[in-house]
S.K.: 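One structure follows; several queries about it will come next.
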Amino acid sequence: MIKSRKDSQEIKFQGDALFYQENLDGALEKYQEALERDPYNEYCLANISVIYMMKQDHEKSIEYGSRALEIIDSFQNETKSFNKQNALEIKLLLRRSNAYNALAEYEKSKSDLDRITLLEPQHSEANQKLKTIQKKLDEVTFTKYKDQANELLKKKEFTLALDLYEKALKVTRKATTLDNIGVYVNKIACL
């Protein structure tokens, strides 16, 4: 195992050199070759994830990032706490969160950001992105409740519509927007 890791790392370093020369395809080949020697090389998996992120292939970026995170998660607790910074894990979670966000999978993106803040509560980038993601999630949820309530209003199912309008307003936390005003008007119509 040690020899496989050593051989894998040597090939990975060649990939790193190509990566810094902006030869992404060459670097990708080297990282894949390194994985043939050691399929558990989390650094190669992480670097492949970055390359796919740069190529805007979010699904593959998520796939390789997730594989690296699974390996990190499988480390012995004693080994994992040895490196209290968890730098690679945080990088991977942030990248995967960005990829999920690009695919409009906001719940998954938020989950990764939440995990970062557990590892490093003062991580400014993760905290800022959490606010942005929460706004997107709120918009999606508000629209879902509002649209469902509008359909119920059309069907003259007023009680059910009122419940959904109320849920929509709770999502926006009583902010005054044109959408909220529309919800209030429709609530009046239901009443």
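What you see is a predicted model; the values in this text were computed from it and never measured. All residue numbers in this chain count up from 1 along the given sequence.
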S.K.: Output every pair passing ring pair (Phe, Tyr, Trp, His ring centres under 6.0 Å) with a member in residues 23-71, not counting sequence neighbours, ordered by first then second residue.
M.R.: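 Output for this query lists Tyr52-Tyr64.
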S.K.: When hydrophobic residues are tied together by side-chain contacts of less than 4.5 Å, even through go-betweens, does Leu94 share a cluster with Leu92?
M.R.: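 Looking at the clustering, Leu92 is in the same group as Leu94.
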S.K.: Would the number of heavy atoms belonging to other residues, nucleotides or ligands and lying under 6.0 Å from CG of Leu191 be above 12?
M.R.: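 Atom CG in Leu191 is crowded, with more than 12 foreign heavy atoms closer than 6.0 Å.
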S.K.: Mind running side chain to side chain contact (heavy atoms under 4.5 Å, CB included) on Ile48 and Leu35 for me, showing each step along the way?
M.R.: CA-CA 10 Å; Ile48 291 171; Leu35 283 178; 3.5 Å; yes
S.K.: Where do Ala149 and Leu164 come nearest, in terms of heavy atoms and distance?
M.R.: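 For Ala149 and Leu164, the tightest heavy-atom pair comes out as CB-CB, 3.6 Å.
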S.K.: Is there a continuous path of hydrophobic side-chain contacts, each under 4.5 Å between heavy atoms, that joins Ile71 to Met1?
M.R.: no
S.K.: State yes or no: do Leu18 and Met53 share one hydrophobic cluster built from I, L, V, M, F, W and Y residues joined by side-chain heavy-atom distances below 4.5 Å, directly or via other members?
M.R.: no
S.K.: Test Asn180 against Lys146 for side chain to side chain contact (heavy atoms under 4.5 Å, CB included), laying out the working first.
M.R.: CA-CA 9 Å; Asn180 280 12; Lys146 182 186 73 160; over 6 Å; no
S.K.: For residues Asp138 and Val171, report the shortest heavy-atom separation together with the two atoms involved.
M.R.: O-CG1, 3.2 Å
S.K.: Given Leu119 and Leu93, is the side chain to side chain contact (heavy atoms under 4.5 Å, CB included) satisfied, shown in steps?
M.R.: CA-CA 11 Å; Leu119 293 169; Leu93 288 166; 4.0 Å; yes
S.K.: Ignoring hydrogens and geometry beyond distance, is a side-chain donor-acceptor pair present between Glu120 and Asn86 at under 3.5 Å?
M.R.: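 On atom types as modelled, these side chains do not qualify, holding no pair under 3.5 Å.
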S.K.: Working to the nearest 0.5 angstrom, can you tell me the gap between Asn101 CG and Lys110 NZ?
M.R.: 13.0 Å
S.K.: With a 4.5 Å heavy-atom cut-off, do Lys12 and Gln9 have their side chains touching?
M.R.: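 Of all side-chain heavy-atom pairs linking Gln9 with Lys12, at least one is under 4.5 Å.
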S.K.: Is it true that atom CD1 of Ile2 has more than 12 heavy atoms of other residues, nucleotides or ligands lying nearer than 6.0 Å?
M.R.: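 Atom CD1 in Ile2 is not crowded, with 12 or fewer foreign heavy atoms closer than 6.0 Å.
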S.K.: Taking C-beta and beyond as the side chain, do Leu69 and Leu45 meet within less than 4.5 Å on heavy atoms?
M.R.: no
S.K.: Answer yes or no: is there a side-chain heavy-atom contact under 4.5 Å between Leu169 and Lys167?
M.R.: no
S.K.: Could you tell me if the side chain of Glu59 sits less than 4.5 Å from the side chain of Leu103, heavy atoms only?
M.R.: yes
S.K.: A side-chain contact here means heavy atoms from C-beta on lying under 4.5 Å apart; do Glu151 and Glu157 qualify?
M.R.: no
S.K.: Testing Asp147, Asp179, Leu137 for side-chain contact (heavy atoms from CB on, under 4.5 Å) with Phe142, which one passes?
M.R.: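 Only one option passes, and that is Asp179.
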S.K.: Could you walk me through whether Lys30 and Glu33 satisfy the salt bridge (charged side-chain N to carboxylate O under 4.0 Å, His left out) test, starting with their C-alpha distance in whole Å, then the side-chain angles of each, then the deciding distance to 0.1 Å, before giving a yes or no?
M.R.: CA-CA 5 Å; Lys30 285 295 179 183; Glu33 183 183 337; 3.6 Å; yes
S.K.: Thinking salt bridges, do Arg5 and Glu42 make one under a 4.0 Å N-O criterion?
M.R.: yes
S.K.: Between Ser4 and Asp38, do the side chains contain an N or O donor and an N or O acceptor separated by less than 3.5 Å?
M.R.: no
S.K.: Would you give the length of the straight line joining atom CZ of Arg37 to atom CD1 of Ile11, rounded to the nearest 0.5 angstrom?
M.R.: 4.0 Å
S.K.: Check the pair Leu28 / Leu24 against side chain to side chain contact (heavy atoms under 4.5 Å, CB included), numbers first and verdict last.
M.R.: CA-CA 6 Å; Leu28 185 59; Leu24 298 182; over 6 Å; no
S.K.: When clusters are formed by joining ILVMFWY residues with side-chain heavy atoms under 4.5 Å apart, either directly or through shared neighbours, do Leu113 and Leu118 land in the same one?
M.R.: no
S.K.: Is a donor on one side and an acceptor on the other found under 3.5 Å between the side chain of Asp163 and the backbone of Phe158?
M.R.: no
S.K.: How about Glu89 and Ile116: do any of their side-chain heavy atoms sit closer than 4.5 Å?
M.R.: no
S.K.: Any idea which heavy atoms bring Ser8 and Ala34 closest together, and the distance?
M.R.: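 For Ser8 versus Ala34, the nearest heavy atoms are OG-O, 2.9 Å.
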S.K.: Between Arg67 and Ile72, is there a side-chain heavy-atom distance shorter than 4.5 Å?
M.R.: no
S.K.: Say you draw a straight line from CG of Asn186 to OH of Tyr165; how long is it, rounded to the nearest 0.5 Å?
M.R.: 3.5 Å
S.K.: Among side-chain atoms of Ser66 and Arg96, is any donor-acceptor pair under 3.5 angstrom?
M.R.: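 Ser66 vs Arg96: donor-acceptor pair found between side chains.
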S.K.: Hey, what do you get for NZ (Lys136) to CD (Glu107), rounding to the nearest 0.5 Å?
M.R.: 13.5 Å
S.K.: With a 4.5 Å limit on heavy-atom distance, are the side chains of Asp112 and Tyr100 in contact?
M.R.: yes
S.K.: Going from NZ on Lys187 to CG on Leu153, what distance comes out if it is rounded to the nearest 0.5 angstrom?
M.R.: 13.0 Å
S.K.: To the nearest 0.5 Å, what is the distance between CD1 (Ile62) and OG (Ser97)?
M.R.: 9.5 Å
S.K.: Do Lys135 and Glu139 meet the salt-bridge criterion of a basic N to acidic O distance under 4.0 Å?
M.R.: no
